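Worksheet: the structure to be examined is printed underneath.
Reminder, nothing fancy here: chain letters follow the sequence lines and each chain counts from 1. Computed from a prediction, not measured in an experiment: that's the story for all the values here.
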Number of protein chains: 2
Amino acid sequence: MTTALAHPERDEIRITSVLHALADPVRLRIVRALARHEEGLSCGVLDLGVTASTLTHHVRTLREAGVVRVRPQGTSRISSLRRDDLDALFPGLLDGVLAARR
Amino acid sequence: MTTALAHPERDEIRITSVLHALADPVRLRIVRALARHEEGLSCGVLDLGVTASTLTHHVRTLREAGVVRVRPQGTSRISSLRRDDLDALFPGLLDGVLAARR
DNA sequence: AACGTACTACGATGTTCATCAAAGTTCGAC
DNA sequence: GTCGAACTTTGATGAACATCGTAGTACGTT
């Protein structure tokens, strides 16, 4: 399928969707990894202890919530944090989440 | 029941539980209301469009996640935001959530 | 003690969700 | 064009959850 991946515009991002997307241990690990790689990365390289299809589900949840942006590159898909949008809408939220020790 | 209400200690509060607790429209409205009333308030006074038993469930979810502190007062229970604990653990998170326009 | 208010506990219900396996798609390389 | 790698889609399953109604408890007031 070559239909472009759907991403919400900045003003379509809802706080409840973002919070729900972040409220999962696997997705939170993805977000933490993306925070360390500003340039983005293919989530397949992460060892998260879930199958590929589950990983697809999680990345889609993050994308549809507006937390990450995904762009195809070859057979891979590069995900990156939508830090600018999130910081503009919910200043402090992302930093607070990333600061969490546990 | 007069058994004291259980609250997690500050170092027992987990980010995923907090995010999950905040990721519900009804609970978010409760948190917003509590943010406007530092002294705390009885959640029963809020008109949230849910029954009393559902409200109990939501307040318990917030309490067990460490988002609010609840103290009995007469036949009521006064809830208040655990702003100090949340700000210490996840600086910016609460402000970011409260800043959300939608 | 009797009553009303505020809240809780329990049980039921329908929905959402995280997970997986299996089969399918897309794309680069040979 | 064939192969393999990376990812997605579909369908199934079990768990978690938001909601409600009913019944119950705790407490202040009369």
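- Not a single donor-acceptor contact under 3.5 angstrom links the side-chain atoms of A/S76 to the base of D/dA5.
- B/I30 places its CD1 atom 11 Å from the P atom of D/dA18, with the value rounded to the nearest Å.
- Atom-to-atom, CG of B/L41 to C1' of C/dC7 comes out at 15 Å; the value is rounded to the nearest Å.
- Here C/dC27 presents its P atom at 9 Å from CZ of A/R77, a figure rounded to the nearest Å.
- Between A/L22 atom CG and C/dC17 atom P there is a gap of 15 Å when expressed in whole angstrom units.
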Distance-only donor-acceptor pairs under 3.5 Å for side chains of residues 45-53 of chain A, two or more places apart:
residue : atom : partner : partner atom : Å
A/T51   : OG1  : A/S53   : OG           : 3.3
A/T51   : OG1  : A/T54   : N            : 3.4
A/T51   : OG1  : A/T54   : OG1          : 3.1

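- Computed from coordinates, the B/R71 CZ to D/dC27 P distance equals 16 Å when rounded to whole Å.
- Using a 4.0 Å heavy-atom distance criterion, B/T61 is classed as making no nucleic acid contact.
- Below the 3.5 angstrom threshold, one finds a donor paired with an acceptor across the side chain of B/S53 and the base of D/dG21.
- Between B/R83 and B/D95, at least one side-chain nitrogen of the basic residue sits less than 4.0 Å from a carboxylate oxygen of the acidic one, meeting the salt-bridge criterion.
- Within 4.0 Å of B/V59, counting heavy atoms only, lies no atom of the nucleic acid at all.
- Of the side-chain N and O atoms in B/S42, one or more sit less than 4.0 angstrom from OP1 or OP2 of C/dC7.
- Nucleic acid contact for B/T56: base, since at least one base atom lies under 4.0 Å from a heavy atom of the residue.
- Rounded to a whole Å, the CG atom of A/D24 is 12 Å from the C1' atom of D/dA16.
- Residue B/V50 places its side chain closer to D/dC20 than to any other of C/dA18, D/dT8, D/dC20.
- For the pair B/R60 and A/H20, both in contact range of DNA chain C, the more 5′-proximal nearest nucleotide belongs to B/R60.
- Shown here is A/E38, whose CD atom has no more than 12 heavy atoms of other residues, nucleotides or ligands within 6.0 Å.
- To the nearest 0.5 angstrom, A/R10 atom CZ is 9.0 Å from A/L86 atom CG.
- Taking 4.0 angstrom as the limit, A/T54 places a side-chain polar atom (N or O) nearer than this to OP1 or OP2 of C/dC20.
- The nucleotide whose nearest atom lies closest to any side-chain atom of B/H57 is, among C/dT19, D/dA18, C/dT26, D/dA18.
- Within the 4.0 Å cut-off from OP1 or OP2 of C/dC20, at least one side-chain nitrogen or oxygen of A/T51 is found.
- Between A/E64 atom CD and D/dT9 atom C1' the separation is 13 Å, expressed in whole Å.
- Residue A/R27 contributes atom CZ, which lies 15 Å from atom P of C/dT16 at whole-angstrom precision.
- Between A/D11 and B/R102 no salt bridge is recorded (no basic side-chain N to carboxylate O distance below 4.0 Å).
- Among the atoms of the strands shown, only primed sugar atoms or phosphate atoms (P, OP1, OP2) are found under 4.0 Å from some heavy atom of B/H58.
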